[in-house]
Structure formats: structure tokens, C-alpha cells
There are 2 protein chains.
Amino acid sequence: MGKKLTFNEDPRLLSEREPRLSPGDTSPLNQLCAICNDKATGKHYNVISCDGCKGFFRRSVRKNQKYACRYGRSCTVDREKRNHCRYCRLKKCFRAGMRKEAVQNERDRISSRRPSFEEPADVSGLSVQLLLRAELASRQIDSTRLGSREADVADRRVATHADVFDSMKQQLLILVEWAKCIPAFLQLCLEDQIALLRTHAGEHLLLGASWRSRHLHGFVLLGNSSVVTRGAQGK
Amino acid sequence: MGKKLTFNEDPRLLSEREPRLSPGDTSPLNQLCAICNDKATGKHYNVISCDGCKGFFRRSVRKNQKYACRYGRSCTVDREKRNHCRYCRLKKCFRAGMRKEAVQNERDRISSRRPSFEEPADVSGLSVQLLLRAELASRQIDSTRLGSREADVADRRVATHADVFDSMKQQLLILVEWAKCIPAFLQLCLEDQIALLRTHAGEHLLLGASWRSRHLHGFVLLGNSSVVTRGAQGK
DNA sequence: CCCAGTCCACTGTACATTTCG
DNA sequence: ACGAAATGTACAGTGGACTGG
Ligand SMILES: [Zn+2]
Ligand SMILES: [Zn+2]
Ligand SMILES: [Zn+2]
Ligand SMILES: [Zn+2]
């Protein structure tokens, strides 16, 4: 069958090695899972079992799961019903001799999945110049659209919850306009644009508030002239 | 060749699982539902389709539904009209290649998605007082452990990449010590503690650098007395 | 190979919202 | 008007493909 070439099976990297024929065709994998009777893939945690039961046992032990049977604690566990009751499946794993000591701790990510291949990483279109230009451009857009002027000290009031939400909404809108002024951002597909903004919206809000409040003492100034102080809350 | 024939490859169940993609083989998932043309979320029951059609097919097969068309059995099925005629929608699912064998049996119950909606949210043990106390406590620990003194202006140098990584590592260790001084944090289970710190490590680093640099102009001061300037990079 | 591990496409369930009878 | 059923989104769980010692 046309097995797909994987990363380290590049023909140029391998000498023509004949697949070794196992003498007598003694396939050790013709056994059945001791838990669910599916085809076994070897010994797992001390028991001949399938990949499904292997994974199920590992996950259950790692998370120290306590399942409950909704029936009489005697559910049948076979390939088709093995997901019906996790209590009985796990019980059968232990009964069959699976040892939870054989489950190891989580390892580091390997992530050769997405090999990233030491790509030089295209940094064209990423410069402080462009960021500054985007900053200016977005500030223009925002000032015309939102009609915001410099925050007036006289306007300051202690922020209510609504003020906080309101300023977050406003700042997030500004964030989007700003991002759209960065050429490299626009080269991303829409999904990636959204994901990028979503994941780092928190950092942006924080950085904005930090900058805005850098010369103040004892309180944080939000984008809508309300301030957050220690402990106090606006009415 | 003896390819494994297990659960998903059982001819009665479906899903020819493709071998893992080799690098470079990007599948952007920007495809459309073969049934209704909505945005697809992957292959479902063997057909590139949307979540709506996926759920519709599963429910229909599980309950062995027999629908009837009230028109001419040739209704158009698209994003807007897909719910107009179940008969034609299901027919189109099968025509597109959805396999009812791929619909599995009901499984065990899983943990509740929204564990308890509007619970009063326990805020005892969450106060500015406690945070300030934690700040002081962690500062003591850090100063004895890391022997850090106030950053000396004379030590300042333009940060190399190594300086940046080094300061991040240092700040993250400080972050952990700080969190461990917050009583409410210690009440979380270890997994939640880790998750919380991981997700918001970025914000903490940002906030730390912002505070440290609040009176500086044109550069950011890192925790190890190195500074990041615009454009310049330490040798 | 063997058997630990990880990865991730694809299953499933939970439930707010919408539609139907 | 209202309860029951269907819909579709969000996320948890599964297991086969894969890596590594
Ligand atoms: Zn099994
Ligand atoms: Zn049971
Ligand atoms: Zn669809
Ligand atoms: Zn129809």
C-alpha cells in the first residue's frame, strides 16, 4: 500500500534497506486486548492490550480520575461498548493487571509534528519604523472616529464596573484598528489575525494602562478618564 | 503487509485515517461544508463538513430518523436553508459520502461543561491587603535567595538575546515565589496553579518591565540591569 | 523491535439558544 | 404561552500515527 513518506523517510537519506522478513511469520500482535478484546498492539503497563485501553489507562492514572458506574458496576467491556462506562473499563484494566506505577509523568513536548525546520523566519515587514507608522496611523483613525481628546484631569472619576468594561471595549477597538495598520498583520489570514489579537488582548490592555499611568501614583488611569484606585470602587 | 486493522479501520466503522502529514503539507482547513457550503471544521463521518451538518447527521443516525420531504425532494441545502428540509439535508449528507457506520454508540457521561453557573464566587481571601503582604513576603524570599540588590545604573548595558532570556527566567522564578505567597493561590490544585501561571506569565513579565521602566525614556529596563532600546541589539 | 512517551484529527457530550407543536 | 425537541458551538475524550530510549 502507498505508505506516505514521513519526514525521516526521505528516500535520499536512506540506503535501500530491504524490509526484514520475520522468519516463520510469528506475529506477536495477533493477540487480543485483555480488557476489551480488540486487537492488541503489545504489552502496555504490563498487560497485552489495545492502543485505546493503553491511552485510557494512561489518561485516567495521570489525572487520578475517579469514575462512577451509573449501572451495577458490572458493565461489559468490549470493543464496541468500552466507552459506555469508564468506571468498569478502568476496573477491568486493574483487574487485568495494569500497573499504575508504569505510567510515567508527562514529558516535555516533542512537537517534531510541526518541525519548524529552522526556517529563517521572514522578518521583512517587521520593523520599529513600521510599528511607529502604524501607531500614528491608528491614532488618526481613532481620533476621528472616537473623537477622543487628551484625557482631561478634570474628567477623572473613580471607575465603576461599567467604566472598566467600557474602557476595555474601547481599547480593544483601538487595538484592532492599530493592528490593521501593520502591514505584516494584514498578511495573516483572518483566522490567524483573530487568534493573535484574542490571545494577546490582555497584554495590550495591560501595556496601554501601564503607559497611560506611568507618571501617576496610587492609581491606574483607564482610557475613558476613569481611574482605578486601591480598594475603592466607584458607585 | 499486515496493516493493523483496528477500530477506526474496521470496514464497518469508517474513517480512513490518513497518515500524519509530512512537513510542508499544509492543510489550511479553509474548506467549505460539502453539504451546506458553510465553513467546514474538518472531516466528519468521512466528509469535509460544518459542525451543524456533523451534529445533524449524528442525531439523525443515532435516532434512526426517517424524514419526509414536503416538496419535491430536491430542496436546496445551503447555510441559510439547511434547516428547511431534513429529508433533503440528510439525503445530501449521504450523497456527499457520510457513513452512518462512523457514528458511534453513546458514551459515558463526561464532566460538566459549566460546572455551576452563577455561583456567588467566593472572594474571601482576595483583598489588596493580602496582595501587598504577598508582595512583601516574596520580596524577602527573592532578596535572600537571589541576592538581588537595587539595580545599579552603572551596571546597565544593552541587552543581548541571552540577557532577555536570562531576565525572563529570573522574573518567572520570582513570579512563582510571589504567587506562592498568596493564600488563595495555594488553595488551588497544583494543575490549576500551573495553568494560571502559564497563561498569564506574559502579562506578569510585561507588567514588571513596565513598572520597572516607568520613569525611563526610550528604553525598557529588564530585571538583570540590561536594557532594551529601539532597534539596537547587544553584541 | 518493544514500550514508554506525544500529537492531533476526529469522535463524543453539555448546554444556551432557537424552533416547533 | 409554554414545554419539548432540535440546533450548533465549545470543549472533553479517544485512539491511531508517530518519536525516542
Ligand atoms: Zn482494549
Ligand atoms: Zn459500569
Ligand atoms: Zn454544513
Ligand atoms: Zn426536501
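Chain A is the first sequence line, chain B the second, and so forth, proteins listed ahead of strands; every chain is numbered from 1.
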So B:F56 and B:Y67, would you call those rings parallel, tilted or perpendicular, with 30° and 60° as cut-offs? parallel
Pair B:K169 + B:D166, salt bridge at N-O below 4.0 Å: no
Indicate, with a heavy-atom threshold strictly under 4.0 Å, whether B:R86 touches base, sugar-phosphate, or nothing. sugar-phosphate
Tell me if the side-chain of B:R82 makes a donor-acceptor pair with the base of D:dG8, cut-off 3.5 Å, by modelled atom types. no
Ignoring hydrogens and geometry beyond distance, is a side-chain donor-acceptor pair present between A:N224 and A:S226 at under 3.5 Å? yes
Nucleotide of D:dG8, C:dT6, D:dG13 approaching B:R59 most closely (side-chain heavy atoms): D:dG8
Do the side chain of B:K54 and the base of C:dG12 come within less than 3.5 angstrom through a donor-acceptor pair of N or O atoms? yes
When rounded to the nearest 0.5 angstrom, what is the spacing between CD1 in B:I182 and CD in B:E135? 9.0 Å
Reading DNA chain D from 5' onward, which residue's closest nucleotide shows up sooner: B:Y67 or B:R107? B:Y67
Categorize A:G52 for me: base, sugar-phosphate, or nothing, with a 4.0 angstrom heavy-atom threshold over every strand shown. sugar-phosphate
Under 4.0 angstrom between B:R89 side-chain N/O and D:dG8 OP1 or OP2: yes
Just wondering, are more than 12 heavy atoms of other shown residues or ligands nearer than 6.0 Å to CZ in A:R70? yes
Which whole-number value in Å describes the distance from A:H84 NE2 to D:dT14 C1'? 15 Å
Grab the CZ-P distance between B:F56 and C:dT19 for me, whole Å please. 16 Å
When you check the phosphate oxygens OP1 and OP2 of C:dA9, does a side-chain N or O of B:Y45 lie under 4.0 Å from one of them? no
Just checking B:R109: base, sugar-phosphate only, or nothing, at a heavy-atom cut-off of under 4.0 Å? sugar-phosphate
Calculate the interatomic distance between B:K63 atom NZ and D:dT7 atom P; express it in whole Å. 9 Å
Quick one: which of C:dG5, C:dT6, C:dT11 gets closest to the side chain of A:V103? C:dG5
For A:H44 and C:dG5, give me the distance from atom NE2 to atom P, rounded to whole Å. 11 Å
So, under a plain 3.5 Å distance rule, would you say the side chain of A:R62 forms a donor-acceptor pair with the base of C:dG5? no
Under a 4.0 Å N-O cut-off, is there an ion pair linking B:D108 with A:R89? no
Whole-Å distance, A:R79 CZ to C:dT11 P, equals 16 Å
Round to a whole Å and report the spacing from CD1 of B:I48 to P of C:dT11. 11 Å
Let me know, please, whether B:N83 or B:N105 comes out on the 5' side of the other along DNA chain C by nearest nucleotide. B:N105
If I take atom CG in residue A:D51 and atom C1' in nucleotide C:dC2, what distance separates them, rounded to the nearest angstrom? 13 Å
Looking only at side-chain atoms of A:Q104, point me to the closest of C:dG12, C:dA4, C:dT6. C:dA4
D:dT7 C1' sits how many Å from B:F57 CZ, rounded? 17 Å
